[in-house]
Chemist: 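The structure follows.
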Protein chains: 2
Amino acid sequence: MAVTIKDVARAAGVSPSTVSRALSTPQLLLPETRERVQRAVQELGYHPNRAARGLITGRTGNIGLIVPDLTNPFFPGVVKGVQERAHESEFSVFLADTDEHAAAEADLVRALGKQVDGIILCSPRMSEAEVRAVAGETPVVMLNRRVGRIPSVTVDLGETIRQAVAHLVALGHRRIGYVAGPRNSWSNRERLRALRAAAAAAGVELEEIATVAPKFAGGVAVADVVLAAGVTAVVAYNDLVALGLLNRFAARGVAVPADISVVGFDDILFAEMVSPALTTLALPQEPTGRAGVELLLDLLEDPDRAGNARRELSAQLMVRGSTGPARPE
Amino acid sequence: MAVTIKDVARAAGVSPSTVSRALSTPQLLLPETRERVQRAVQELGYHPNRAARGLITGRTGNIGLIVPDLTNPFFPGVVKGVQERAHESEFSVFLADTDEHAAAEADLVRALGKQVDGIILCSPRMSEAEVRAVAGETPVVMLNRRVGRIPSVTVDLGETIRQAVAHLVALGHRRIGYVAGPRNSWSNRERLRALRAAAAAAGVELEEIATVAPKFAGGVAVADVVLAAGVTAVVAYNDLVALGLLNRFAARGVAVPADISVVGFDDILFAEMVSPALTTLALPQEPTGRAGVELLLDLLEDPDRAGNARRELSAQLMVRGSTGPARPE
DNA sequence: TTGAAAGCGCTACCAA
DNA sequence: TTGGTAGCGCTTTCAA
């Protein structure tokens with residue numbers, strides 16, 4: 001059996017209450033008592049049972065993290081950030097991967113709800129109504145999405161998307177394609193909106209080519225459609241899709257960037273690893289995760305003040321080999 | 001406040017004990033009572049507090065999963081498998097990433113120990129003594145490592161490594177290099193041992209070139225040393241390192257496989273995405289995770305019988321573009 | 001078949 | 001400054 005607070009109390013010759021205080025409010029004890037308890041804690045290797053503590057304090061010291069797909073390297077980056085920051089504040093992290101099933105998200109929130117103090121929803125796919133519903137039940141922070149007054153961490157892509165479009169226009173591109181991600185992805189909608197605005201402002205055409213699963217295979221699948229669309233540059237919903245495009249283009253003997261330029265979003269590690277390396281709009285992955293934890297901690301501490309808290313991080317255009325001068329018509 | 005067992009009891013006009021029974025041993029109740037309780041559960045949206053339950057039953061319904069580095073795509077695959085299988089048995093998963101710090105592993109096990117029924121250690125880097133120590137305190141299953149009688153899931157690479165060496169030898173390679181992973185990695189030692197044996201049996205040289213961090217940057221860093229070693233083929237500790245090699249080779253204008261052949265381990269998604277695609281020894285990622293959970297569940301159910309349980313999965317050689325005929329001397 | 005009571009490990013209150 | 005007591009939400013005897 002594990003060592004309990006009673007064992008420590010007995011060993012130190014004090015009451016359980018005193019042991020408890022020695023751990024939570026040591027300044028209230030006589031230095032001598034405190035040391036005696038601490039020695040006993042050390043010797044017995046006592047770790048308080050957090051479940052029992054949580055039963056009383058209403059705090060579990062756990063946070064839940066729900067991501068759509070761990071297989072997309074973007075999310076492990078975020079998860080790492082969450083973990084790191086959580087551990088710094090002595091929180092443990094429950095992780096759940098929904099495999100891109102929007103329906104699984106709400107279920108998971110409810111299943112996790114009881115065992116955590118709050119939940120971080122990373123790029124949730126569920127409807128706004130569902131988001132509001134779960135946020136009403138459990139403290140929730142969202143990453144890469146905004147719904148009403150729910151605290152969220154987002155990345156401001158407006159300026160960076162303008163830069164990216166300017167970059168393509170400067171290279172002579174006049175018809176730019178966009179391969180869209182999931183319809184229920186807020187990021188997808190925002191990216192499309194900003195791209196449209198930037199293209200309009202620059203006086204170039206933006207063609208929404210298709211909607212694909214946000215995976216490598218999605219890019220591969222849509223590549224030939226992209227070629228048939230007659231654009232000279234294509235922006236993909238994320239790097240994984242962009243890499244899928246590059247892969248299929250290579251297989252078809254289409255030269256990048258000579259025949260077509262390709263741009264992604266995220267800047268996953270592998271964007272740099274392919275050749276030509278992928279031009280992409282880099283999202284801060286670990287910082288997003290860290291910021292999410294911070295917002296959640298604020299929210300737990302002061303639900304009123306922290307409601308509607310927003311953290312907006314910035315993106316960066318990484319110009320690499322996959323973009324180049326437009327092929328003359 | 002969340003709805004408790006008392007609320008349900010009141011709503012259903014029964015005692016809390018009866019509600020508890022309705023959930024755990026419904027067959028002991030009168031059908032009518034059972035239904036009344038179940039209706040109340042539904043209406044109030046009652047979910048038992050697992051922490052409170054765990055306090056009594058000694059079971060938390062949680063398992064801990066510790067991985068070295070989520071940024072290596074191999075691990076998310078395993079994590080996904082663990083998650084899936086765990087959820088199937090109504091277990092939740094605590095995830096912790098040690099960032100390749102062996103020292104963090106034991107600490108994490110201890111920190112998590114109290115809140116979980118058992119822990120899955122994925123490719124742990126800690127010493128055998130430490131492994132034994134933590135396994136003595138908490139039910140532990142290991143993935144990709146064997147220590148004593150601790151239940152483990154491993155992948156049998158012997159035959160596949162022989163195949164890989166035969167493949168290279170058939171292509172005319174006589175001097176093969178190995179870029180080693182972390183010294184404290186069991187997988188690394190096993191791979192090296194099997195490679196040595198296979199090379200000796202085939203009558204070719206195996207040269208251990210260097211030890212690197214099991215990351216992309218590690219491969220990049222060692223690439224020039226590999227070239228200077230004068231081997232015609234190189235096997236890397238894992239795909240990430242192999243991809244680093246490919247990247248630096250490309251930058252140096254070294255043609256793969258014309259000038260040098262490259263082989264990795266794992267078969268991460270990106271092994272297929274680069275060109276030339278990476279020849280690699282594919283490890284089953286999700287199955288490894290799933291098997292780990294199953295072993296752990298067995299262990300929890302019957303600690304005696306399940307001690308020393310082993311599950312050995314098999315690997316597969318994926319021959320792709322990065323291996324080809326040896327460059328004539 | 002059901003309910004009352006005890007207690008899991010801990011913290012928070014009130015007294016002393 | 002410390003200890004006793006109650007009780008968090010639940011399960012599990014033991015009685016009825």
Side-chain angles (χ1 to χ4, degrees), chain A residues 1-38 40-41 44-62 90 92 110-117 138, chain B residues 1-38 40-41 44-62 90 92 110-117 138:
Chain A
M1 201 52 212
V3 26
T4 77
I5 201 170
K6 282 189 191 168
D7 300 324
V8 180
R10 205 173 312 119
V14 296
S15 76
S17 322
T18 303
V19 176
S20 176
R21 271 187 287 259
L23 270 59
S24 53
T25 49
Q27 68 279 12
L28 294 186
L29 297 189
L30 276 181
E32 192 212 303
T33 323
R34 191 194 315 148
E35 275 158 34
R36 198 141 39 92
V37 173
Q38 281 166 348
V41 166
L44 301 182
Y46 168 70
H47 289 270
N49 181 323
R50 300 176 105 197
R53 172 184 287 175
L55 216 46
I56 286 207
T57 61
R59 291 292 212 90
T60 61
N62 299 146
E90 317 249 286
S92 298
R110 299 214 168 79
L112 243 47
K114 278 296 200 324
Q115 345 186 35
V116 301
D117 296 332
T138 310
Chain B
M1 200 53 211
V3 26
T4 76
I5 201 170
K6 281 190 192 168
D7 301 324
V8 179
R10 204 173 310 121
V14 296
S15 75
S17 325
T18 302
V19 176
S20 174
R21 272 187 284 259
L23 270 57
S24 53
T25 49
Q27 67 279 12
L28 294 186
L29 297 189
L30 234 62
E32 192 212 302
T33 324
R34 190 195 315 147
E35 277 158 34
R36 201 142 36 92
V37 173
Q38 282 166 347
V41 166
L44 301 182
Y46 170 70
H47 289 269
N49 180 322
R50 299 175 113 201
R53 172 183 287 173
L55 216 46
I56 289 204
T57 61
R59 290 294 210 90
T60 61
N62 299 145
E90 316 247 291
S92 297
R110 299 215 168 80
L112 243 48
K114 279 295 201 326
Q115 346 186 35
V116 301
D117 295 333
T138 310

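Sequence lines set the chain letters: A, B, ... in the order given, protein chains first and strands last, and positions in each chain run from 1.
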Chemist: At 4.0 Å (heavy atoms only), tell me whether A:Thr18 reaches a base, stays on the sugar-phosphate, or touches nothing.
Modeler: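 Touches sugar-phosphate only.
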
Chemist: With respect to the side chain of B:Ile56, which nucleotide from D:dT11, D:dG4, D:dC8 is positioned closest?
Modeler: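 Of D:dT11, D:dG4, D:dC8, D:dT11 is nearest to the side chain of B:Ile56.
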
Chemist: Which nucleotide in the set D:dG3, D:dC10, D:dT11 lies at the smallest distance from any side-chain heavy atom of B:Ala52?
Modeler: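 Closest nucleotide among those given: D:dC10.
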
Chemist: How close do B:Arg50 and B:Ser92 get, counting heavy atoms only, and between which atoms?
Modeler: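 Closest approach of B:Arg50 to B:Ser92: NH1-OG, 3.3 Å.
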
Chemist: Answer yes if the side chains of A:Ser20 and A:Ser17 hold a donor-acceptor pair under 3.5 Å, and no otherwise.
Modeler: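 Result is no, nothing qualifies.
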
Chemist: State, to 0.1 Å, how close A:Ala40 and A:Ala12 come at their nearest heavy-atom pair, and which atoms those are.
Modeler: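 Closest pair (atom of A:Ala40, atom of A:Ala12, distance): CB-CB, 4.0 Å.
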
Chemist: Check the distance between D:dT12's P and B:Ile5's CD1 and give it to me in whole angstrom.
Modeler: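 These atoms are roughly 11 Å apart.
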
Chemist: Nearest to the side chain of A:Tyr46, which nucleotide is it out of C:dC10, D:dG9, D:dG3?
Modeler: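 Nearest nucleotide to the side chain: C:dC10.
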
Chemist: Search all heavy atoms of B:Leu44 against all heavy atoms of B:Ala11 and return the closest pair with its distance.
Modeler: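 The pair with the smallest heavy-atom distance is CD1-CB, 4.0 Å.
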
Chemist: Could a donor-acceptor pair under 3.5 angstrom be found where the side chain of A:Ser17 meets the base of C:dA12?
Modeler: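 Yes.
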
Chemist: Classify the nucleic acid contact of A:Arg50 as base, sugar-phosphate or nothing, counting any heavy atom under 4.0 Å across all strands shown.
Modeler: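 Result for A:Arg50 = nothing.
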
Chemist: Quick check against the 3.5 Å criterion: does A:Thr60 have a side-chain atom that pairs as donor or acceptor with the backbone of A:Gly54?
Modeler: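 Checking the backbone N and O of A:Gly54 against the side chain of A:Thr60, no donor-acceptor pair under 3.5 Å is found.
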
Chemist: Out of D:dC8, D:dT2, C:dC8, which has the shortest distance to the side chain of A:Lys6?
Modeler: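 From the listed options, C:dC8 comes nearest.
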
Chemist: Could you please name the option among C:dC10, C:dC8, D:dG4 that lies closest to any side-chain atom of A:Ser15?
Modeler: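 Shortest atom-to-atom distance from the side chain points to D:dG4.
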
Chemist: Mind checking A:Thr33 for me? I need base, sugar-phosphate or nothing, with any heavy atom below 4.0 Å counting as a touch.
Modeler: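 Sugar-phosphate, no base atom in range.
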
Chemist: What nucleotide among C:dC8, D:dG9, D:dG3 has an atom nearest to a side-chain atom of A:Val14?
Modeler: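 For the A:Val14 side chain, the nearest candidate turns out to be D:dG3.
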
Chemist: Can you tell which of D:dT2, D:dT11, C:dG3 lies closest to the side chain of A:Arg21?
Modeler: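 Of the options given, the side chain of A:Arg21 lies nearest D:dT2.
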
Chemist: For the pair made of CZ in A:Arg34 and P in D:dT2, what is the distance, rounded to whole Å?
Modeler: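 Value for this atom pair: 9 Å.
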
Chemist: Can you identify which nucleotide, out of C:dT1, C:dG9, D:dT2, has its nearest atom closest to the A:Leu30 side chain?
Modeler: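 Per side-chain heavy atoms of A:Leu30, the pick is D:dT2.
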
